[in-house]
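Working notes for the structure below.
Heavy atoms only: backbone and side chains are in, while hydrogens, waters and symmetry mates are out.
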Amino acid sequence: IFGRRGILNGRDATAYPGFEDELKGATVVDAGAVRNGHVITGRSMGSAIEFGLLLVETLLGQEKAEEIAKQIVYL
């Protein structure tokens with residue numbers, strides 16, 4: 001939807017593998033989550049923690065995101 005609406009023009013973005021063509025106007029980045037300006041895109045369910053922490057950082061700051069990240073146990 002972002003690509004079709006022109007929201008990604010000139011921005012970095014990521015998407016689920018195979019959907020990169022839908023990122024019209026964007027530079028496709030191989031990352032779990034990407035923030036470019038006010039737009040945040042995510043790659044997949046496996047990137048949910050990275051995406052969530054990026055949202056927290058955007059809304060509440062890097063310090064809060066780091067605080068939450070320290071509480072997450074990766075298995």
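In this structure, I40 CD1 and L54 CG are separated by 4.5 Å, a value rounded to the nearest 0.5 Å. Between the CD atom in E66 and the CD atom in E63 there is a gap of 7.5 Å [rounded to 0.5 Å].
Transitive grouping of hydrophobic side chains (ILVMFWY, heavy atoms separated by less than 4.5 Å) keeps L59 and V34 in distinct clusters. V28 and Y16 sit in two unconnected hydrophobic clusters of ILVMFWY residues. Membership requires side-chain heavy atoms under 4.5 Å apart, directly or through other members. One hydrophobic cluster, built from ILVMFWY side chains closer than 4.5 Å, holds both F2 and L23.
A donor-acceptor distance shorter than 3.5 angstrom exists from the side chain of T14 to the backbone of V29, with no hydrogens or angles considered. In this structure, the side chain of E20 engages the main chain of G18 through a donor-acceptor pair within 3.5 Å.
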Distance-only donor-acceptor pairs under 3.5 Å for side chains of residues 4-12, two or more places apart:
| unit_1 | atom_1 | unit_2 | atom_2 | d |
| --- | --- | --- | --- | --- |
| R4 | NH2 | E22 | OE1 | 3.4 |
| N9 | ND2 | G6 | O | 3.3 |
| R11 | NE | I7 | O | 3.0 |
| R11 | NH1 | N36 | O | 2.8 |

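Taking the side chain as every heavy atom from C-beta outward, I68 and L60 never approach each other to under 4.5 Å.
Within 6.0 Å of CD1 in I1 there are 12 or fewer heavy atoms belonging to other residues, nucleotides or ligands.
Considering every non-hydrogen atom in both R43 and A15, the closest pair reads CG-O, 3.5 Å. Considering every non-hydrogen atom in both A33 and F51, the closest pair reads CB-CA, 3.7 Å.
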